[in-house]
Amino acid sequence: MGAFKLELRCPQKVDGIALDPEPDWSFGALLSEIDELERKINSSSKVSVPFTKERPRDISDSKSNGRTSASPFVMRVFEDEMDNIDSEDEEALDQSSVAVKRFNFDDLYLSDSDDSGDDSSLEAQPCLMEKGESGESSLFELSREHQFRVKEEIRNQISALETDLKTESQKSISAIFRVERYREERCEMERKLDTQYQRNIAEALNNHLTAVQQDLEVRSQIEERKIRIDAAYEDAKRKEKALQEEKLRQERAKAEAEAKRAEEAKRGEDAKKAALEAQRRAAKEAAEREASEASKRADSGSAQEGTYRPQINALNAQSSGKPPAAGNILKAAESALNLEQGRLQKLKQFDDENQALRLRSKEDFRKYERQISKLVQQITGTKDSVRQKAGELVNIFNDARCPQSISIAAFAKKVVSNCKTPRNAAFACGHVIVLVTSKVPTAMDLILAELHRACIYTVPKHYSQSAFESKEAYYKAIGFQEDEGKIESVDNYLARLESYMKLYGALVQTEIYGFQNVHGLKEGWAWLARFLNALPANRYTAVALNAFLHMAGYSLFKKYKSQFRKMLNIISDNFLNALRERGDSNLNPVIAEIDAYLKDNKFLREPEGRSLEGSLLSDVYVPESDYY
């Protein structure tokens, strides 16, 4: 075990000899002073042989197990006596000591081994007394006493440090205990606060839900009261209207009776005049017959020659290869063709104007067209979707950064090209078109022009195939599309034709309370009359008529009642019979659909998707008439 080396302070003077005259000696000066001290001691000693200096004092850096000539006085304190001395105690010991001087005792040896202690020091004392004098023994005694005092001080300091350490340890344990208890109390308090907070939240939520339920009940009562008031008002209005209609019917019947009497009287007079005129004509013819009998026999040959001349002219006209008259090429009502021409002309003017605007302006308007296309594609069969998309489209039309002609033309093109959607989306598109065109009426003509350009049966009109040189030319004329030099199939064309007619039918039957449909049921009735009057019965016209009836038949019957039934009778007696007479097996599916529509009275049932779906809240307290 290692030893603790302790340097001791000796008295300043012993027998008049100064031991520490200069506190700041250098190493060489210290050696000189020690040599001088030895000479003085040897000169005053009676026994001079053992203390006679025979060789110079050497300071060796190496450690020796035996005695050395330059070994300093060293006191060792072992670890078994100082177990708890740390670096702070050593520093305190160093600070409590004053400057220390080392003294050499050539014949005094203190062992560095673990067994050395106070006994070894006492054993060395007789030798010291034999060789030294009284001054040296006094110095040794003082050193020994000082050593004991230092040991006692060290023990006291160690004890004090142990006491302080225990005190600090207890304080730390107490502080840790208080911290733990504070943490537990804090956790308990936070748990209680959290419980109270959750209870407050639950109470607030319950109060809120109760208030919402009460509010909904109040609104429901208000709406029920409003519905009852509206029902009573409508009932009164209906009764008043019935009375007015009855008065009008009576007046009309009276007027018809008077007109009938006047007509009968006029007919009697006309009959009398006709009888007199017949008598005069009969007498004149009898006189002329007798006078012309001879001339008729003479001129009978020339009359027969004039009879055969028109037949020869007709054969010459057929063999000449000239095209038939225009009425045989295009079959349509003249009023429908005039409307189509005006709408296409307006669309062409918009296209020319938009082209000029794009050339003059540096701004890119395609972002508005993409935005319109995105809105049209997002239309679904719900009230919220229809209202939101229509509002956003109107906002784009009113945006000063984009000319309205460009945005309207883009909307018309996108809504027609996007009509290949399910039936409920066609009704939703019809609602959006009506909402938008009620704010921007010009857009309706452009939408109809795009429909006429995409499908000729929305006019309605039809071309005769015999008027064209080839089947491809005829297909292009009636709207077949060409892809990479190939004409599309008939089935694809019929699918597109049906989608266009469904959009047109959904548009004309759309009626929204508070908004005007500028192309409504009146135009749908006119379309049906023109269709049956002008167009022939074939596969294309049959598909167009079937799609239109399924979309608009319900609303047409609600408005025109018996007149619409008469129109259906014409379809059943004339149009379907004409289709059957063609003997084409491809017509059987569409004939079956139209026949089922008529026989099952499907026009009495509302088509799927006609009534838009609403959100839960709006269906609860928003009436249908007030939705938009």
Side-chain angles (χ1 to χ4, degrees), residues 343 372-373 375-394 397 408 410-455 457-460 496-528 544-559 602-603 605-614 624-625 627-628:
R343 291 162 183 163
I372 291 172
S373 177
L375 291 174
V376 171
Q377 292 175 0
Q378 292 175 349
I379 296 174
T380 59
T382 62
K383 295 177 182 178
D384 291 337
S385 175
V386 168
R387 180 178 57 181
Q388 180 183 1
K389 304 309 176 187
E392 293 180 3
L393 288 169
V394 172
F397 293 163
I408 292 176
F411 171 67
K413 183 177 296 184
K414 298 300 180 182
V415 77
V416 172
S417 63
N418 194 57
C419 69
K420 299 177 184 179
T421 52
R423 182 179 302 173
N424 58 346
F427 284 112
C429 288
H431 277 73
V432 172
I433 292 172
V434 172
L435 292 174
V436 170
T437 54
S438 65
K439 303 295 183 182
V440 188
T442 310
M444 181 62 79
D445 288 334
L446 300 187
I447 293 172
L448 293 174
E450 291 288 351
L451 276 173
H452 297 339
R453 182 185 290 178
C455 179
Y457 299 104
T458 59
V459 176
R496 287 194 305 106
L497 186 152
E498 184 179 11
S499 64
Y500 292 132
M501 289 306 304
K502 284 182 178 179
L503 177 62
Y504 182 74
L507 172 61
V508 299
Q509 66 86 42
T510 300
E511 292 181 333
I512 302 176
Y513 181 81
F515 294 86
Q516 181 184 5
N517 185 357
V518 296
H519 197 82
L521 287 174
K522 181 180 177 181
E523 300 298 331
W525 179 263
W527 180 92
L528 186 58
L545 178 62
N546 182 48
F548 180 81
L549 288 177
H550 277 83
M551 299 298 286
Y554 174 77
S555 298
L556 288 173
F557 174 74
K558 285 179 61 178
K559 183 171 183 179
K602 292 184 179 180
F603 53 87
R605 297 191 294 270
E606 183 178 4
E608 181 183 357
R610 180 178 181 273
S611 296
L612 302 180
E613 299 177 0
E624 177 71 20
S625 59
Y627 181 77
Y628 295 100

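When a residue number appears, it is its place in the shown sequence, counting from 1.
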>> For a quick test of reading the model, state the closest non-hydrogen atom pair linking Glu392 to Leu375 and the distance between them.
In response: OE1-CD2, 2.6 Å
> Do His550 and Pro607 come close enough that some side-chain heavy atom pair is under 4.5 Å?
Replying inline: no
> What are the two closest heavy atoms between Ala428 and Gly381, and how far apart are they?
Replying inline: CB-CA, 3.9 Å
> Taking atom NZ of Lys559 as the centre, does the number of heavy atoms from other residues, nucleotides or ligands within less than 6.0 Å exceed 12?
Replying inline: yes
> Side-chain contact, heavy-atom cut-off 4.5 Å: Ile512 with Asn517?
Replying inline: no
>> Distance check, rounded to the nearest 0.5 Å: Thr510 atom OG1 versus Leu521 atom CG?
In response: 9.0 Å
> Under the side-chain contact (heavy atoms from CB on, under 4.5 Å) criterion, do Phe603 and Leu556 qualify, and how do the steps go?
Replying inline: CA-CA 9 Å; Phe603 53 87; Leu556 288 173; over 6 Å; no
>> On a heavy-atom basis, which atom in Ala552 and which in Gly505 lie closest, and how many Å separate them?
In response: CB-O, 3.7 Å
> For the atom pair OG1 (Thr437) and CD1 (Ile408), what is the distance rounded to the nearest 0.5 Å?
Replying inline: 10.5 Å
> When rounded to the nearest 0.5 angstrom, what distance separates CG in Asn546 from CE in Met551?
Replying inline: 11.5 Å
>> If I take atom CG from residue Asn418 and atom CD from residue Gln377, how far apart are they, to the nearest 0.5 angstrom?
In response: 5.5 Å
>> Checking Leu507 against Leu448 for the side-chain contact (heavy atoms from CB on, under 4.5 Å) test, could you report, in this order, the C-alpha distance in whole Å, the side-chain angles of both residues, the deciding distance, and whether it holds?
In response: CA-CA 10 Å; Leu507 172 61; Leu448 293 174; 4.2 Å; yes
>> A side-chain contact here means heavy atoms from C-beta on lying under 4.5 Å apart; do Arg387 and Asp384 qualify?
In response: yes
> Distance only, no hydrogens: is a donor on one side chain within 3.5 Å (strictly under) of an acceptor on the other, for Glu606 and Ser611?
Replying inline: yes
> Between Ile447 and Val416, which heavy-atom pair has the shortest distance, and what is it?
Replying inline: O-CG2, 3.9 Å
> Centres of the Tyr504 and His452 rings: under 6.0 Å?
Replying inline: no
> Val508 and Trp527: side-chain contact (heavy atoms from CB on, under 4.5 Å), yes or no, with the steps?
Replying inline: CA-CA 10 Å; Val508 299; Trp527 180 92; over 6 Å; no
>> Please find the pair of heavy atoms, one from Gln516 and one from Ser438, that lie closest to each other, and give the distance.
In response: O-CB, 4.0 Å
> Between Lys502 and Ala547, which heavy-atom pair has the shortest distance, and what is it?
Replying inline: CG-CB, 4.1 Å
>> If you define the side chain from C-beta out and look only at heavy atoms, does anything of Tyr554 sit under 4.5 Å from Gln509?
In response: no
> Between CZ of Arg610 and CZ of Phe427, what distance do you get to the nearest 0.5 Å?
Replying inline: 7.0 Å
>> Go through it in stages, so that I can follow the logic: the residues are Val459 and Leu451, the test is side-chain contact (heavy atoms from CB on, under 4.5 Å), and I'd like the CA-CA distance, side-chain angles, deciding distance and then a yes or no.
In response: CA-CA 9 Å; Val459 176; Leu451 276 173; over 6 Å; no
> Under 30°, 30 to 60°, or over 60°: which ring-plane class applies to Phe411 and Phe397, parallel, tilted or perpendicular?
Replying inline: perpendicular
> Do Glu613 and Thr380 come close enough that some side-chain heavy atom pair is under 4.5 Å?
Replying inline: no
> Nearest 0.5 Å, what's the OG-OH distance between Ser417 and Tyr500?
Replying inline: 7.5 Å
